[in-house]
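Protein chains get the first letters and strands the later ones, always in sequence-line order, with residue 1 at the start of each. Basis for what follows: all heavy atoms, side chains included, without hydrogens, waters or symmetry-related copies.
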Amino acid sequence: MKHKDGSTDKYKDKHKEKRKEEKMKSLDGKVKKEKENGFASPPYVKSEPEEDFYHSPKHEKSLKRERDDDYDSEFKPKKIKTENDKKAKKRKQDNEDIKSKKTKNKKGEVADGKKKAKKEPEEKWKWWEEERYTDGVKWRFLEHKGPVFAPPYEPLPSNVKFYYDGKHMKLSPEAEEVATFFAKMLDHEYTTKDIFRKNFFKDWRKEMTSEEKGKITDLKKCNFTEMSEYFKAQSEARKAMTKEDKLKIKEENERILQEYGFCIMDNHRERIANFRIEPPGLFRGRGDHPKMGMLKRRIRPQDIIVNCSKDSKYPEPPPGTKWKEVRHDNKVTWLVSWTENIQGSIKYIMLNPSSRIKGEKDWQKYETARRLKKCVDRIRAQYREDWKSKEMRIRQRAVALYFIDKLALRAGNEKEEGETADTVGCCSLRVEHIKLYPENDGQEYVVEFDFLGKDSIRYYNKVPVEKRVFKNLQLFMENKEPDDDLFDRLNTSILNKHLQELMDGLTAKVFRTYNASITLQQQLKELTNSEENIPAKILSYNRANRAVAILCNHQRAPPKTFEKSMQNLQTKIDAKRDQLSDAKRELKSAKADAKVRKDEKSKKAVETKKKAVQRIEEQLMKLEVQATDREENKQIALGTSKLNYLDPRISVAWCKKWGIPVEKIYNKTQREKFAWAIDMADEDFEF
DNA sequence: ACTGCGACTTAGGAGTGGGCGT
DNA sequence: ACGCCCACTCCTAAGTCGCAGT
């Protein structure tokens with residue numbers, strides 16, 4: 001069987017060889033990377049605003065985009081129509097008006113002549129009621145102020161000393177800065193790890209003067225404690241600042257947010273997600289990362305590519321600097337990008353999840369998952385059929401897909417060995433990651449999974465599977481070493497190509513979305529009890545959410561203060577119980593009293609006491625629910641699924657159905673992200 | 001076919017500030 | 001009024017997936 005289609009080489013042999021090779025050679029291949037990430041500054045693209053028409057989109061006042069217009073007819077001809085400069089300027093003026101008006105409104109400090117709309121942050125734009133772009137165009141107009149750079153390095157005061165081998169040593173500013181990065185992490189366990197220290201020291205030495213390099217040859221002889229103490233003191237001082245000073249900082253942050261935190265995209269002022277450039281520091285990979293401790297270098301204007309409309313006001317680089325490039329690519333959504341020096345990957349500044357451009361995509365994601373719902377039975381039948389295929393590659397594909405569907409595993413792209421932590425997903429599972437038990441705890445055909453997934457989070461699960469799957473797995477594992485690929489004839493590209501044929505837009509990750517959302521919907525139906533009060537219903541919601549988080553393996557480290565906070569809560573519950581029995585006793589005696597006296601006053605007293613008892617009972621119940629919820633949530637993170645996998649319309653519909661305020665389920669940020677769902681879903685929405 | 005890159009989503013942890021109980 | 005704690009925000013790493021180039 002294995003040789004039936006043996007005409008083609010095994011896909012993964014090459015990678016595997018690589019892995020083994022690199023395992024021995026340890027960290028190599030850096031030379032190439034460094035070249036790519038070098039500081040060579042490419043030609044500066046001259047900005048030429050004065051020759052350009054300010055081609056602001058029209059109809060600013062209506063705050064409505066016109067997307068139904070044909071791109072060509074709206075855009076290009078305008079340009080050709082040779083608007084005169086004045087007109088162009090006028091448009092631009094309008095554009096600025098929008099910006100400043102909105103800014104003021106937000107702050108609620110408008111003081112102009114005409115009656116202001118005040119308070120209400122002027123009608124929220126319902127982008128979901130408008131037509132979408134279809135042709136890969138992401139926007140027509142984009143203007144922003146560029147990124148906010150990390151503050152420059154401030155040298156330490158001279159009384160904060162660094163010691164090498166017990167002797168004070170004044171470091172050059174460059175070396176000192178990198179030393180402070182290490183000092184700041186001193187009481188983190190990272191700094192005890194060999195790889196971290198090795199990487200750090202190597203990169204640190206690159207920043208040293210040749211004199212320093214000559215002296216400082218052993219990290220163990222470095223004493224950073226004064227630096228470390230200094231930073232601790234600084235953070236204490238920050239905490240102890242006066243209210244006024246804190247307010248000042250807050251105001252300054254707000255100012256920066258207003259200036260840099262928004263862009264104009266197609267007539268609308270939209271929030272930018274990460275407008276601050278990542279500051280330099282030591283790289284902290286997750287899990288067993290071979291590059292931990294490396295120096296993440298400072299990003300400068302000449303590293304930055306700016307993306308905006310030709311007809312916008314370009315962001316200014318800081319005085320005396322230039323951007324690497326200014327481009328006008330409206331087929332992408334990012335405003336700013338740069339190449340990071342650790343992995344050589346590109347980083348982006350993009351919009352907030354509340355923005356149209358992110359929201360549309362999110363919505364579309366759930367629509368794809370709903371389409372999967374319609375054909376998932378067919379697909380399941382097909383992959384079950386494929387377990388019997390004559391071709392190995394098809395069987396592997398079918399078993400992998402079964403795991404992805406049943407266990408919500410990630411696709412599992414190949415990764416470059418030695419560049420990142422050793423983690424896997426479905427297609428990259430290795431023989432060592434599963435164990436087969438023909439029988440286990442009274443169940444037949446049990447597969448035990450144990451591997452590190454994304455972010456080096458452990459996936460551990462024992463699942464009974466169909467006999468056919470089990471037999472296939474045995475076959476796949478025959479004559480293989482533990483570190484051989486389980487699915488040697490499969491990779492994500494093959495799998496996704498297959499999925500694409502089964503349904504338009506179908507990829508491996510759609511199964512995660514689909515299974516997460518459908519599970520929430522089912523669980524909500526099952527767990528919600530119409531008799532119960534709101535806190536109990538919310539507990540049910542959280543339990544449904546939790547079922548999804550468990551399915552998707554969304555874990556968290558138990559909070560450091562977990563035990564304590566659990567105890568605190570228990571103390572509160574005990575106190576409340578005492579309070580309740582007191583209140584009950586008082587009620588009893590009031591009743592007795594009223595029976596004797598039979599006057600209005602004592603009757604009233606009874607009523608009051610009754611109310612008190614009721615109130616306390618409710619409070620107690622709420623606390624108990626809270627305790628249950630917290631206990632069950634110890635190692636489970638609900639946020640990720642809520643934010644990325646659960647169709648918000650399911651939750652909104654549930655809220656509407658049971659009269660639960662949506663605020664109980666979604667906080668402010670989440671409500672902003674899911675505004676489209678909150679607006680459009682009614683109580684009988686079905687995923 | 002295969003690789004590497006670019007763009008975008010998904011992820012957990014650190015940091016913090018505001019609400020709460022005392 | 002005060003201190004504590006936890007919910008939320010920020011941060012940025014680590015995935016997915018498609019595509020271009022060879």
Side-chain angles (χ1 to χ4, degrees), chain A residues 8-9 11-12 14-15 18 32 36 136 138 185 188 235 238-239 246 249-250 253 273-279 281 283-287 289 291-292 296 305 307 329 331-334 337 339-340 342-353 357-358 361-362 365 410-416 419-421 423-428 452-457 491-497 499-500 505-510 512-513 516 549 552-557 559-562 564-565 568-569 571-572 575 626 630 635-645 666-670:
Chain A
T8 44
D9 287 339
Y11 279 103
K12 300 193 172 168
K14 247 180 248 169
H15 306 301
K18 219 191 234 165
K32 193 184 75 190
E36 283 167 10
K138 303 293 169 62
M185 299 177 73
H188 200 291
S235 93
R238 227 173 303 125
K239 273 182 216 153
K246 279 187 180 168
I249 292 176
K250 209 177 155 190
N253 279 335
N274 55 327
F275 56 90
R276 290 172 198 275
I277 298 273
E278 298 172 17
F283 176 76
R284 306 152 84 130
R286 312 218 173 118
H289 197 117
K291 298 194 171 183
M292 63 168 78
K296 199 167 96 163
I305 302 174
N307 193 31
D329 182 356
K331 298 274 204 285
V332 297
T333 67
W334 53 268
S337 75
T339 302
E340 151 266 5
I342 304 288
Q343 321 272 357
S345 65
I346 307 171
K347 299 252 184 167
Y348 304 94
I349 292 182
M350 292 182 186
L351 296 195
N352 199 68
I357 213 157
K358 293 290 183 189
K361 200 77 188 299
D362 205 37
K365 172 181 77 187
R410 296 189 185 81
N413 284 305
E414 294 109 299
K415 305 169 68 185
E416 222 178 313
E419 298 287 302
T420 58
T423 62
V424 297
C426 186
C427 294
S428 50
L452 297 183
K454 180 176 179 180
D455 293 319
S456 293
I457 296 292
N491 62 35
T492 54
S493 157
I494 296 170
L495 179 65
N496 281 333
K497 258 179 210 138
L499 292 176
Q500 187 58 238
L506 186 61
T507 62
K509 79 196 264 286
V510 178
R512 253 168 99 78
T513 312
C552 294
N553 200 38
H554 291 141
Q555 298 187 28
R556 62 166 185 177
K560 286 204 175 68
T561 55
F562 184 84
K564 207 175 90 197
S565 91
N568 287 164
L569 197 54
T571 316
K572 264 195 219 167
Q626 203 186 341
R630 195 178 295 178
Q635 307 198 61
I636 315 274
L638 299 185
T640 303
S641 50
K642 205 180 205 177
L643 234 48
N644 300 303
Y645 288 101
Y666 290 133
N667 69 30
K668 184 163 159 285
T669 314
Q670 295 168 157

Point to revise | Of A:Lys454 and A:Trp334, the one whose closest DNA chain B nucleotide lies more 5' | key: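 The residue mapped nearer the 5' terminus is A:Trp334.
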Exercise for review: Identify, between A:Asp329 and A:Thr513, the residue whose nearest nucleotide on DNA chain B lies closer to the 5' end.
Suggested key: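 Closer to the 5' end of DNA chain B: A:Asp329.
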Base, sugar-phosphate alone, or nothing: which one does [X] contact when heavy atoms must sit under 4.0 Å apart?
{"X": "A:Lys415", "value": "sugar-phosphate"}
{"X": "A:Asp455", "value": "sugar-phosphate"}
{"X": "A:Tyr348", "value": "base"}
{"X": "A:Lys296", "value": "sugar-phosphate"}
{"X": "A:Pro279", "value": "sugar-phosphate"}
{"X": "A:Ala421", "value": "nothing"}
{"X": "A:Ser337", "value": "nothing"}
{"X": "A:Lys509", "value": "sugar-phosphate"}
{"X": "A:Gly453", "value": "sugar-phosphate"}
{"X": "A:Arg238", "value": "nothing"}
{"X": "A:Leu643", "value": "nothing"}
{"X": "A:Lys239", "value": "nothing"}
{"X": "A:Gly425", "value": "nothing"}
{"X": "A:Ser493", "value": "nothing"}

Ignoring the backbone of [X], work out which of [options] is nearest its side chain.
{"X": "A:Ala411", "options": "B:dT9, C:dT16, B:dT10", "result": "C:dT16"}
{"X": "A:Thr507", "options": "B:dG12, B:dG13, C:dC17", "result": "C:dC17"}
{"X": "A:Ile457", "options": "B:dC8, C:dT9, B:dG12", "result": "B:dG12"}
{"X": "A:Thr669", "options": "C:dG18, C:dT9, B:dG12", "result": "C:dT9"}

N/O (side chain, [X]) to phosphate O (OP1/OP2, [N]) under 4.0 Å:
{"X": "A:Asn413", "N": "C:dT16", "value": "yes"}
{"X": "A:Thr492", "N": "C:dT16", "value": "no"}
{"X": "A:His289", "N": "C:dA13", "value": "no"}
{"X": "A:Asn496", "N": "C:dC17", "value": "yes"}
{"X": "A:Arg286", "N": "C:dC11", "value": "no"}
{"X": "A:Thr640", "N": "B:dG12", "value": "yes"}
{"X": "A:Lys347", "N": "C:dA13", "value": "yes"}
{"X": "A:His188", "N": "B:dA14", "value": "yes"}
{"X": "A:Thr333", "N": "B:dC8", "value": "yes"}
{"X": "A:Lys250", "N": "B:dG18", "value": "yes"}

Polar side-chain atom of [X] near backbone of [Y] as donor-acceptor pair, under 3.5 Å:
{"X": "A:Gln500", "Y": "A:Gly505", "answer": "yes"}
{"X": "A:Asp455", "Y": "A:Ile457", "answer": "no"}
{"X": "A:Asp329", "Y": "A:Trp334", "answer": "no"}

How long is the line joining [atom1] of [X] and [atom2] of [N], in whole Å?
{"X": "A:Leu351", "N": "B:dA7", "atom1": "CG", "atom2": "P", "answer": "15 Å"}
{"X": "A:Lys331", "N": "C:dA20", "atom1": "NZ", "atom2": "P", "answer": "12 Å"}
{"X": "A:Arg410", "N": "B:dC8", "atom1": "CZ", "atom2": "P", "answer": "21 Å"}
{"X": "A:Asn491", "N": "C:dG18", "atom1": "CG", "atom2": "C1'", "answer": "13 Å"}
{"X": "A:Leu506", "N": "C:dG18", "atom1": "CG", "atom2": "P", "answer": "10 Å"}
{"X": "A:Asn644", "N": "C:dA14", "atom1": "CG", "atom2": "C1'", "answer": "13 Å"}
{"X": "A:Leu638", "N": "C:dC8", "atom1": "CG", "atom2": "C1'", "answer": "14 Å"}
{"X": "A:Glu419", "N": "C:dA13", "atom1": "CD", "atom2": "P", "answer": "15 Å"}

Check your understanding: For atom NZ of A:Lys497, is the number of surrounding heavy atoms from other residues, nucleotides or ligands below 6.0 Å larger than 12?
Key ->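 No, NZ of A:Lys497 has 12 or fewer neighbouring heavy atoms, counting only those of other groups under 6.0 Å.
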Point to revise | Criterion side chain to side chain donor-acceptor pair (under 3.5 Å) on A:Lys415 and A:Ser428, from CA distance to verdict | key: CA-CA 9 Å; A:Lys415 305 169 68 185; A:Ser428 50; over 6 Å; no
Any side-chain heavy-atom pair of [X] and [Y] under 4.5 Å:
{"X": "A:Gln343", "Y": "A:Thr420", "result": "yes"}
{"X": "A:Glu340", "Y": "A:Glu278", "result": "no"}
{"X": "A:Gln670", "Y": "A:Leu643", "result": "yes"}

Point to revise | Distance-only donor-acceptor test, A:Lys358 side-chain atoms vs B:dT9 base atoms, 3.5 Å | key: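 Looking at the base of B:dT9, it does not pair with any donor or acceptor on the side chain of A:Lys358 (distance under 3.5 Å).
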Point to revise | Closest-nucleotide ordering on DNA chain C, the 5'-leading residue of A:Gln670 and A:Phe283 | key: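 Its nearest nucleotide being more 5', the pick is A:Gln670.
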Review point. Between A:Glu278 and A:Gly412, which has a closest nucleotide on DNA chain C that is more 5'?
Key: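 Of the two residues, A:Glu278 wins.
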Exercise for review: Classify the ring geometry between A:His289 and A:Phe283 as parallel (under 30°), tilted (30 to 60°) or perpendicular (over 60°).
Suggested key: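 Perpendicular, since the angle between the ring planes exceeds 60°.
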